[in-house]
Number of protein chains: 2
Amino acid sequence: MKRPTLEVVAARAGVSKSSVSRVINGETTVAPEIRDVVMRAVHELGYVPNGAARNLVTRRTDTLAVVVSDPPQGVVSDDPLFSAVVRAVSRELEKAGKRLVLMLAESDQSRTRVVQYIAGGHVDGVLLVALHGTDSLPAALARQGLPVVSFNRTSAQDVPYVALDNAGGAALAVRHLLERDRRRIATITGPLELYEARERLAGYRQTLRDTGRRSIVALGDFTRVSGAEAMRQLLEDDPDLDAVFASNDLMAIGALRTLQKAGRRVPEDVAVIGFDDIEAASYTSPALTSVRSPMADQATAAVHLLLSLIDGGPTDPVIMPNELVVREST
Amino acid sequence: MKRPTLEVVAARAGVSKSSVSRVINGETTVAPEIRDVVMRAVHELGYVPNGAARNLVTRRTDTLAVVVSDPPQGVVSDDPLFSAVVRAVSRELEKAGKRLVLMLAESDQSRTRVVQYIAGGHVDGVLLVALHGTDSLPAALARQGLPVVSFNRTSAQDVPYVALDNAGGAALAVRHLLERDRRRIATITGPLELYEARERLAGYRQTLRDTGRRSIVALGDFTRVSGAEAMRQLLEDDPDLDAVFASNDLMAIGALRTLQKAGRRVPEDVAVIGFDDIEAASYTSPALTSVRSPMADQATAAVHLLLSLIDGGPTDPVIMPNELVVREST
DNA sequence: ACTTTTCCAGGGAGCGGTCCCTCACGACGC
DNA sequence: GCGTCGTGAGGGACCGCTCCCTGGAAAAGT
């Protein structure tokens, strides 16, 4: 099942390789009759250009890597937003006529494999998703000298990024709770190695400080069980609290369960608000109020930034605004 | 930022290209001292082989495509299982030292693009996920003459596949409901263009028939809202029903909500059972009993089958067993 | 009418690897 | 001591494409 080559097509059409190449690549300096005879030959033979050969000489691959850097426990890729992001990226690349190579970097070993692969010239650019601030990957990739866009802020200074307005979102949540006349507002944080977790915490703190209230903080790690556990902790430490801002929805869902088991009514006794507005937030009872993270839009923006970078465009970071989705839990 | 080539490394090490190539590819017929001097040159120069050049001559890419064929509404890729599958596949390929190109085929246009890409020799094999029975893609890809494995049964005869035991899983669910002394057991189906939906329905029907009971069927399309709607329909048609088997969890969750709004207690008045056991199934209240689809295992099996196919191995289909996860809703 | 410019098809040199084939050299057998 | 064999390094053709360069024909200029 050998595929025909340019040369075979050229022979069939009775023209030179160069002419066929020009037709294939849509150059305009080709006489119509040559164009036609070439196209016919192409269709008759079912010719499709060999990608490797083309890559080799053009040094472009029309392929972008999406690298998901994640500890083995899988905080990020377990996240329900993962598939939304992957889909949005995929759709956007499809539109731009590019391909997507997905790589999960879960261990140091796979991290070096990723760098090797990138260095091998297989891709034109890299989209980095959800890294720890301490991650060595962003810097290592940036050093390869090809375009890198991060899906979050990272410790590597010069990596362009598209980020959520995490602090602003947290402020939105807290102000909403204040408007509902809540006085003792606790928070459950994400893992503080992550920028987004730190920013959400900072937004929460700042807003409370501005209104002269004190923070009540419990640590979580963005998983549902950690949310349940943190809520238990909070109830013990401060039984009088009347609202909880969880740094993501999974933890909010965990907190909801804990509250129900403890016999607290939501939202009457304790209001609960999450962050991200994942699908499952609308399934819970009561349905969860949440700060919507426009992940699909963020993914789209990240792809655009990366594509523009590849074309030598600007590298200005993009910050996505969030909005509040009020449901039953507040 | 020009990367060094084999030739440069060879010059630096004072040996021939061939020797460097042998060292890089770990051939054993190389004298230790040559090996050492080459390795040193490789490290000093930071040499990484150019992928395109290698692909061109070896005709292998060590890359596999995962093609998700899906209508624009996104039945499959909206599915919470999507990310689980992608992750499992990614991990497995990582282990095997292969790369993953993800392609969503949402329109006819993108379908042709997929076929073109595959024909371009960019990948060594294809893993097809979740197709409509009428999909033209499996056949088109199989015609390309490279290994294809389907993640479900398809209409294309000769495409090897890894499937769930859908009928068996449905039977498991229905028998469980019968054991709970339910007499009027309804079902909410998936979109019947999909094999899995038909098989789940068939399993339901057969099990009821075997025990002399009649089927009560409402049509859904695997989305949550369709489940809610179908449940409304069922309550209207047959107010006395005491159990519902939904063909997937999202629809079960929708049904749960409808039942609660209608004032039926779950499981006291109506037992609800889902299929797939997605994460969210354990978040609902009451937590959802479900037939667990071992999607990650299925994905792993599919990758193994594909890899074995590439090495010229057998093409026997694999059927994955499912198990029941009993929670509060039954 | 002749030269200059424009335009477009063809020829062919790479791109950076792999791998077949040749050949040198040391070990071994007789 | 000489021929044979085995081992392993080197030379170079080749994978399929792009793109620069050349050259001939047609168009434009004088």
Side-chain angles (χ1 to χ4, degrees), chain A residues 1-42 45-63 116-124, chain B residues 1-39 41-42 45-63 116-124 146:
Chain A
M1 186 92 170
K2 183 138 172 48
R3 317 214 116 271
T5 71
L6 239 205
E7 198 137 12
V8 174
V9 175
R12 172 109 178 193
V15 299
S16 72
K17 282 165 53 184
S18 311
S19 295
V20 177
S21 177
R22 287 188 194 102
V23 172
I24 297 292
N25 292 294
E27 282 176 41
T28 50
T29 65
V30 186
E33 61 268 26
I34 288 204
R35 217 193 76 87
D36 289 348
V37 69
V38 168
M39 289 307 280
R40 200 171 320 128
V42 165
L45 296 170
Y47 171 74
V48 177
N50 176 300
R54 181 178 277 179
N55 297 166
L56 180 57
V57 48
T58 60
R59 314 187 148 288
R60 282 181 304 95
T61 60
D62 288 333
T63 301
Q116 289 269 317
Y117 182 73
I118 304 298
H122 294 268
V123 298
D124 297 341
Chain B
M1 186 93 168
K2 184 137 174 49
R3 319 215 115 271
T5 70
L6 238 204
E7 198 136 12
V8 174
V9 176
R12 171 108 178 194
V15 299
S16 71
K17 282 166 55 184
S18 311
S19 295
V20 178
S21 177
R22 287 188 194 103
V23 172
I24 298 292
N25 293 295
E27 282 176 41
T28 50
T29 65
V30 186
E33 62 268 25
I34 288 205
R35 217 192 77 87
D36 290 348
V37 70
V38 168
M39 288 307 279
V42 165
L45 296 170
Y47 170 74
V48 177
N50 177 300
R54 182 179 276 179
N55 296 166
L56 180 57
V57 49
T58 59
R59 307 176 156 297
R60 282 180 305 95
T61 60
D62 288 334
T63 302
Q116 289 268 317
Y117 182 73
I118 303 298
H122 293 267
V123 297
D124 297 340
L146 81 154

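In the text below, chain A, chain B and the rest are named by the order of the sequence lines, each starting its count at 1.
At whole-Å resolution of the value, CZ in Arg54(A) and P in dC15(D) are 19 Å apart. Rounded to a whole Å, the CG atom of Asn25(A) is 13 Å from the P atom of dC20(D). As a whole-Å value, the separation of Asn50(B) CG from dG17(C) P is 5 Å. Put simply, CD1 on Ile34(A) is 17 Å from P on dC7(C), counting in whole angstrom units. Taking atom NE2 of residue His122(B) and atom P of nucleotide dG16(D), one finds them 14 Å apart after rounding to whole Å. One interatomic measurement links the two molecules: CD of Glu27(B) to P of dC20(C), which rounds to 10 Å at whole-angstrom precision. Counting to the nearest Å, the C1' atom of dC17(D) and the CZ atom of Arg3(A) are 16 Å from each other. Regarding Glu33(B), its CD atom lies at a distance of 8 Å from the P atom of dA9(D), rounded to whole Å.
When the side-chain nitrogen and oxygen atoms of Thr29(A) are compared with OP1 and OP2 of dC8(C), none of them lie within a distance under 4.0 Å. Regarding contacts with the backbone of dT18(D), every side-chain N or O of Thr58(A) stays at 4.0 angstrom or more from both OP1 and OP2. A sub-4.0 Å separation between OP1 or OP2 of dT18(C) and a side-chain N or O of Arg59(B) is absent.
Annotation for Leu45(A) and Arg12(A): closest pair CD2-NH1, 3.7 Å, computed over non-hydrogen atoms. Residues Leu56(B) and Ala52(A) approach most closely at N-CB, 3.7 Å, considering heavy atoms. Closest non-hydrogen pair, Arg54(B) versus Ile24(B), comes out as NH2-CG2, 3.5 Å. Heavy atoms only, all atoms of each residue included: His122(A) and Thr61(A) are closest at O-OG1, 3.2 Å. Closest approach of Ala41(B) and Ala13(B) over heavy atoms only: CB-CB, 4.0 Å.
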What protein N or O atoms touch nucleotides 11-14 of chain D N or O atoms at under 3.5 angstrom, if any, and at what distances?
residue, atom, partner, partner atom, Å
dG11(D), N7, Ser18(B), OG, 3.2
dG11(D), O6, Ser18(B), OG, 2.8
dG12(D), O6, Ser18(B), OG, 3.3

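Side-chain contact between Leu146(B) and Asp124(B) is absent, with no heavy-atom pair separated by less than 4.5 Å. Asn50(B) is not listed as a side-chain neighbour of Arg3(B), based on a closest heavy-atom distance of 4.5 Å or more. Residues Thr5(A) and Val8(A) are in side-chain contact: their nearest non-hydrogen atoms beyond the backbone lie under 4.5 Å apart.
In DNA chain D, the stems built from three or more successive Watson-Crick or G-U pairs (distances below 3.5 Å) are C:1-30 with D:1-30.
If you check every strand for non-hydrogen atoms under 4.0 Å, Asn55(A) touches nothing. Within the 4.0 angstrom heavy-atom criterion, only backbone atoms of the sugar-phosphate kind lie near Ala31(A); the bases stay farther away.
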Compile the donor-acceptor pairs under 3.5 Å between side chains in residues 25-38 of chain B and protein atoms, sequence neighbours left out, one pair per line.
residue, atom, partner, partner atom, Å
Asn25(B), ND2, Ser21(B), O, 2.8
Asn25(B), ND2, Ser21(B), OG, 3.4

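Positionally, the nearest nucleotide of DNA chain D for Val15(B) lies more toward the 5' end than for the other of Val15(B) and Pro49(A).
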